[in-house]
Structure formats: C-alpha cells, structure tokens
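Remember, it's 1-based here, ligands and their atoms both numbered in the order they're listed.
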Amino acid sequence: MTLSNLFLLLLISSLFPHSLQYTINPTIDSTLSHTLLSSSLLSSTSSVQKFINVKNFGAKNDGEKDATPAFLNAWNVACNSIVPSIIYVPKGKYLLKPLKFEGICKNSNIIFQIDGTLIAPNDYSEVAMSHSWIVFHMIDGLQIKGGVLDGKGKYLWDCKASHQCHMGAKSLSFDNSKNIVVDGLTSMDSQMFHITINACQDIKMTRMKIFAHADSPNTDGIHIAQSTGITIINSDFRTGDDCISIGPNTRNLWIEGIYCGPGHGISIGSLGRESDEGVVVQNVTVKSVTFRGTDNGFRIKTFSTPINGKVKDVFFLGARMIDVRNPIIIDQNYCPHNSCPDGQGSKIQISKIVYKDIRGTSSSETALIFDCSPKKPCMGLTLQDIKLTYQNKIPQCQYENAYGQVFGFMQPSKCFIH
Ligand SMILES: *[C@@H]1O[C@H](CO)[C@@H](O)[C@H](O)[C@H]1NC(C)=O
C-alpha cells in the first residue's frame with residue numbers, strides 16, 4: 001500500500017465509520033453491503049445505508065420457488081439494522097405466500113426498492129383465509145418504490161361468482177404504522193380490496209396504479225379507516241368496486257389528481273354498520289378527479305341504523321364526469337338485504353360538504369341525489385359551479401332533508417332547501 005492509499009483509507013474510515021463496522025460483521029457477509037455516497041453523507045452518518053438484495057437470501061425470480069422466507073429474512077436484517085437499509089428486489093417474478101413485515105424496527109428509514117413483480121399463489125385458498133396477502137405492521141419510516149403486486153384474484157372471483165366462497169384477502173395492508181411513502185406501485189387483480197390503510201398516520205401514496213376487471217367483486221382500490229394524515233396523489237384506479245373508500249375515524253385526508261373508472265367512484269362509507277363507538281370522518285379534500293363510466297362520482301353512504309356519528313368538512317373540488325351514473329350522491333338510507341333493525345334513516349350527521357367545479361355528463365337522468373336522513377338532515381351543503389348534462393339535456397337533482405346553498409353557475413339549478 002502506498003502512503004497516499006493509506007491516507008485515503010484512513011480518511012474514508014473516519015468519514016464513514018459504519019462501513020468498517022460492517023465489513024467485519026459476519027452476519028452481513030452474505031448480503032451485499034456497501035455505503036452509498038450522497039451529498040448529505042459528509043454531514044450525517046445516518047445516511048450510511050445497508051444494501052440488502054433479496055436474491056442473496058435465496059429468493060428466486062422464476063415465479064415458482066417460494067420466496068417468502070427470503071423476503072422475511074431480508075426484512076429482519078433491515079428491521080434490526082441500526083442504520084437505514086435498502087431492500088432491493090431485482091427484476092423477475094417472486095412467488096409469495098401471505099407474509100407480514102413486522103416492526104418495531106431499530107431504524108426509521110427502510111427503503112423497499114422493487115423492480116420485480118410479487119405474485120400470489122395460483123391456488124387462491126393459500127391466501128384467501130388471511131386478512132391480507134402482504135402486511136406491514138407497526139412500522140415507522142418506510143418507503144416503497146416501484147413494484148408490481150399480482151394478487152391472482154381471478155381464481156377467487158370465479159369461485160365467488162359460482163358459489164359461496166371466501167371473502168378473500170386484501171393484497172397489501174398497512175396496520176398501526178406511520179411515516180410511510182409509497183411511490184409508483186402497481187397492484188393488479190387483488191382477491192378483494194387492493195390496499196388497506198388501518199390505524200395509520202402520515203402515509204403518502206403517489207403514482208399508484210390499481211387494476212382489476214370491472215366485474216371483479218369487492219376489489220376496492222384503496223380503503224382507509226381509523227387513520228389521519230393520509231395523502232393519495234396522481235394515481236389511477238380501474239376496479240370492480242370503489243376506487244377509493246373512506247371508512248370510520250378518518251381525518252385530514254388529502255386526495256388529488258385521480259383517474260377513476262371503471263369502478264364505483266370515490267366513497268365515504270359505508271358508515272354505521274356495526275361500530276357504535278362513534279363514527280367520525282372529518283377534514284377530507286378530494287381534488288381534481290376524472291371519473292369515466294363509473295357508478296358514482298363523489299358518494300357519501302351511511303347505513304340506516306341507530307349508530308351515531310358525523311361526516312364534516314368535506315371538500316370535493318374539481319371533477320370531470322364522463323358518463324357517470326350518479327355524479328354526486330348522498331345516501332343515508334342505505335340498507336341492503338333489509339339488514340337495518342329500525343330502518344328509519346341514519347343517525348350520522350352530515351354537514352359542511354362542499355362540491356365545487358364539477359362538470360361533465362351523467363349517464364342517468366338524476367345527476368345529483370341528496371337522500372338525507374329524516375333523523376339527521378344534511379346541513380351546510382354547498383354547490384358551486386356545477387355543470388352536468390344528461391343526453392345533452394339538463395338532468396334532475398333529487399333531494400330530501402338536505403339543506404344548503406348554491407353559488408355561481410348551477411345546472412341543474414334547483415337543488416336543496418335553502
Ligand atoms: C385538514 O387536513 C389537511 C391535510 O389533508 C391539513 O393540512 C390541515 O391542517 C387539516 N386542517 C385541520 C383544520 O385540521
């Protein structure tokens with residue numbers, strides 16, 4: 001070693017102490033471990049990252065060998081590392097059985113970089129009994145970049161169509177987690193809901209692509225419940241059920257730049273079916289959406305049960321409707337299969353709902369429906385700059401127990417009790 005090389009080595013080791021630590025740590029030898037240079041590296045050792053390739057844990061990208069143990073082992077190394085790590089999934093197909101990525105982790109900066117496709121087993125029964133195919137639980141600080149999830153749901157949908165079958169598993173669930181970014185993930189053909197976010201905080205999803213056949217049952221795109229600070233931006237949904245559905249106790253939700261169709265629209269609800277611990281959905285903004293050929297545009301739906309709660313401060317801002325059956329709908333008398341014991345309207349109070357700048361075509365004669373509860377009429381509804389047509393004619397607005405105001409341009413013009 002020349003003197004200048006020695007000097008360089010000493011310099012590097014003083015700048016990046018972790019890099020030496022890892023070269024002598026035997027558990028890391030099987031993983032490809034290295035440090036990545038970045039501009040912030042000089043000021044912070046926390047940007048020293050561990051690089052973990054699932055292939056080094058035995059994952060095969062042939063779509064046939066079970067890669068579940070390899071993924072879980074890779075996760076355990078990342079989760080137990082005190083420095084941030086990148087779990088890398090190279091191109092190819094990886095067969096995964098139901099699996100759970102568990103926290104609490106020792107660092108709050110794990111990156112899952114997925115260049116490959118994760119596929120569920122062809123035999124739906126291997127997944128259908130689980131709550132979800134892939135679960136992230138108790139995680140704080142995770143980024144998922146890219147990746148395709150193929151839930152192989154078609155086998156289960158066929159089963160559902162022919163006889164009584166399992167409800168099926170969601171493809172991807174985030175439970176009790178926070179500070180998560182998901183960017184550029186595609187989910188196709190989930191058995192039921194594609195993605196659920198439950199009891200989470202501060203999750204941001206961008207550039208998502210969600211696909212399932214228009215006739216596939218219960219394949220909601222993203223379902224959110226018991227969560228706060230969720231953001232969904234610039235994403236495409238083509239599903240057999242709601243593109244996005246919003247469940248109880250959701251607050252501070254921001255949804256923007258969405259394409260939806262086919263599908264059942266963007267829905268708050270159904271609320272008030274079972275939980276009677278107070279149902280609240282508050283401060284929800286849904287902005288810049290294109291709906292094409294969907295059953296609904298913006299929907300709020302509550303069961304006709306005695307359960308109390310509220311839906312408040314909801315802003316539907318900007319939508320283009322293309323052949324949407326119910327562009328705007330509130331249904332507080334929802335009661336499929338006569339399942340509601342008293343059946344006299346919901347007790348969930350809907351108030352301060354703004355619909356602004358909504359244009360396009362309705363595929364039914366009644367473009368706006370406000371079917372509010374006699375027990376809790378809708379209060380403080382606002383309609384502003386609405387221009388909807390039905391077969392080049394002015395459509396209807398149907399309203400009951402609905403109180404609100406109209407501003408700006410309004411077609412159909414007669415809506416609400418003022
Ligand atoms: C409403 O939610 C947004 C995020 O969607 C947040 O920035 C804002 O502070 C919230 N407003 C209130 C009053 O909590």
Q) Does the protein put a heavy atom less than 4.0 Å from atom 5 (O) of ligand 1? A) yes
Q.
Strictly less than 4.0 Å: does any protein heavy-atom distance to atom 2 (O) of ligand 1 fall in that range?
A. yes
Q: Over 60° means perpendicular and under 30° means parallel, so classify the ring planes of F112 and F136, tilted if in between.
A: perpendicular
Q) Going by the order shown, which atoms of ligand 1 are within less than 4.0 Å of some heavy atom of W254? A)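 In order of numbering, the contacting atoms are 5 (O).
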Q) Between F237 and F211, is the ring centre distance below 6.0 Å? A) no
Q: Locate the shortest heavy-atom distance separating F71 from A59; write the atom from each residue and the value.
A: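 So the minimum-distance heavy-atom pair works out to CE1-CB, 4.2 Å.
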Q.
Any carboxylate oxygen within less than 4.0 angstrom of a Lys/Arg side-chain nitrogen, looking at K160 and D158?
A. no
Q) Can a non-hydrogen atom of L253 be found less than 4.0 Å from any atom of ligand 1? A) yes
(Q) Given T228, N283, V284, N252, identify the one with the heavy atom nearest to atom 10 (C) of ligand 1. (A)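 That would be N283.
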Q: Give a yes-or-no answer on whether the side chains of D371 and Y399 include a donor-acceptor pair shorter than 3.5 Å.
A: no
